[in-house]
S.K.: 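Please read through the structure below; I'll follow up with questions.
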Amino acid sequence: MVSEEDLQAVLDELHRLRTRVPQLTGALAAGVDGLVVAHDTPGVDPEGLSALTAAALGVAVRVCDATGNGAFRELLVRGEHGYVATYAAGRTAVLTLLAQDRVNVGRLHLEGRRSGARIGELLDAAEAAAARTVRPATRTTPARSRTARTPRTTTTRTTTES
């Protein structure tokens, strides 16, 4: 579970990214499972975009595996009116950016990679902290004690015909 403070830090990073790259029209951080973590996507449904990102990510990961190109890093889709770029963000998240067609793609990659790394650090640290606070379940009922069984003896029967 990610704290409100961590979610706000991710959202702040998305806002700073949109300031650094003015041609961005949206930014979304999502889990690889397709659930929204934080978003700044005016005019775009964040849940739908997150689900589509997860689907595209699944295909991109398979392509990387099939071609032997290693772990997924980024995916760039160019449409008639702009770009959709998805970057790895730690172990369990991705960053998806929406940009106008006139964006400098090199700048988009530079800033997207930096923000993806920062968001990944935030979310991975939050996940690690949450894992440390989870304590193992304690047993509320006493454990059964086992007693040794005596070995079973078998007797053989023979039948005689008269």
Side-chain angles (χ1 to χ4, degrees), residues 1-140:
M1 182 85 188
V2 180
S3 71
E4 282 297 318
E5 183 180 304
D6 293 324
L7 291 177
Q8 188 59 49
V10 171
L11 189 57
D12 290 344
E13 179 62 29
L14 295 179
H15 290 307
R16 285 191 301 272
L17 175 60
R18 291 206 49 204
T19 301
R20 291 189 309 266
V21 184
Q23 295 81 20
L24 286 183
T25 59
L28 169 104
V32 294
D33 57 1
L35 297 177
V36 176
V37 173
H39 70 92
D40 181 11
T41 56
V44 177
D45 173 37
E47 286 82 17
L49 180 59
S50 182
L52 289 169
T53 295
L57 176 65
V59 172
V61 167
R62 298 267 320 252
V63 169
C64 287
D65 288 344
T67 58
N69 285 331
F72 169 81
R73 292 288 176 225
E74 58 195 46
L75 171 67
L76 182 67
V77 177
R78 182 177 183 202
E80 187 176 336
H81 301 292
Y83 293 89
V84 179
T86 300
Y87 302 92
R91 293 186 312 266
T92 61
V94 292
L95 170 66
T96 296
L97 304 178
L98 309 175
Q100 298 170 355
D101 190 39
R102 60 187 179 88
V103 71
N104 178 325
V105 177
R107 178 76 187 266
L108 176 69
H109 283 319
L110 176 70
E111 297 294 346
R113 291 169 186 154
R114 284 181 181 168
S115 287
R118 175 72 180 129
I119 289 168
E121 289 170 2
L122 289 167
L123 295 177
D124 288 349
E127 183 181 306
R132 283 191 302 270
T133 61
V134 174
R135 295 188 181 131
T138 56
R139 197 175 186 117
T140 56

S.K.: What are the two closest non-hydrogen atoms of P42 and R18, and how far apart are they?
M.R.: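 In this case the closest contact between P42 and R18 is CD-NH1, 3.5 Å.
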
S.K.: Partners of H109 by ring pair (Phe, Tyr, Trp, His ring centres under 6.0 Å), sequence neighbours excluded?
M.R.: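 Only Y87 meet the ring pair (Phe, Tyr, Trp, His ring centres under 6.0 Å) criterion with H109.
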
S.K.: Taking side chain as C-beta onward, heavy atoms only, is R78 less than 4.5 Å from D101?
M.R.: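 Counting from C-beta outward, R78 and D101 do come under 4.5 Å.
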
S.K.: Locate the shortest heavy-atom distance separating L76 from A85; write the atom from each residue and the value.
M.R.: CD1-CB, 3.9 Å

S.K.: Specify the closest pair of heavy atoms between I119 and A89, including all atoms of both residues, with the distance to one decimal.
M.R.: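 Closest approach of I119 to A89: CG2-CB, 4.2 Å.
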
S.K.: Between T53 and V94, is the side chain to side chain contact (heavy atoms under 4.5 Å, CB included) condition met? List the steps.
M.R.: CA-CA 8 Å; T53 295; V94 292; 3.6 Å; yes

S.K.: Using every non-hydrogen atom in the two residues, find where A38 and V10 come nearest and quote the distance to one decimal.
M.R.: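 Result for this residue pair: CB-CG1, 3.8 Å.
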
S.K.: Is there a side-chain contact between V21 and N104, using heavy atoms and a 4.5 Å cut-off?
M.R.: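 The answer is no, as the side chains (C-beta and beyond) never meet within the 4.5 Å cut-off.
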
S.K.: Determine the minimum heavy-atom distance between Y83 and Q100, stating which atoms define it.
M.R.: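 Closest pair (atom of Y83, atom of Q100, distance): CD1-O, 3.7 Å.
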
S.K.: Should L24 and L17 count as side-chain neighbours, where that means a heavy-atom distance under 4.5 Å?
M.R.: yes

S.K.: What are the two closest heavy atoms between L97 and G112, and how far apart are they?
M.R.: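 For L97 versus G112, the nearest heavy atoms are CD1-CA, 3.8 Å.
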
S.K.: Inspect the contact between E127 and R132 and indicate whether a charged nitrogen and a carboxylate oxygen are less than 4.0 angstrom apart.
M.R.: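 Salt bridge absent between R132 and E127.
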
S.K.: What is the distance from atom CG of D33 to atom CG of L57, rounded to the nearest 0.5 Å?
M.R.: 10.5 Å

S.K.: CG/D40 to CG/L28 distance, rounded to the nearest 0.5 angstrom?
M.R.: 10.0 Å

S.K.: If you measure only the distance, is there a donor-acceptor pair under 3.5 Å linking the side chains of R20 and S115?
M.R.: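 Yes.
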
S.K.: Backbone N or O of V63 within a donor-acceptor pair of the T67 side chain at under 3.5 Å?
M.R.: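 Here the side-chain-to-backbone pair exists.
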
S.K.: Determine, stepwise, if the pair L123 / D6 fulfils side chain to side chain contact (heavy atoms under 4.5 Å, CB included).
M.R.: CA-CA 7 Å; L123 295 177; D6 293 324; 5.5 Å; no

S.K.: About how many Å separate CG of L11 and CZ of R16, when rounded to the nearest 0.5 Å?
M.R.: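 Between atom CZ of R16 and atom CG of L11 there are 10.0 Å.
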
S.K.: Strictly by modelled atom types, are T96 and T86 linked by a side-chain donor-acceptor pair under 3.5 Å?
M.R.: yes

S.K.: Can you tell me if R62 has over 12 outside heavy atoms packed within less than 6.0 Å of its CZ?
M.R.: no

S.K.: Rounded at 0.5 Å granularity, tell me how far CD in E47 sits from OG1 in T41.
M.R.: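 With rounding to 0.5 Å, CD (E47) is 8.5 Å from OG1 (T41).
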
S.K.: Is the closest side-chain heavy-atom distance between L49 and D45 below 4.5 Å?
M.R.: no

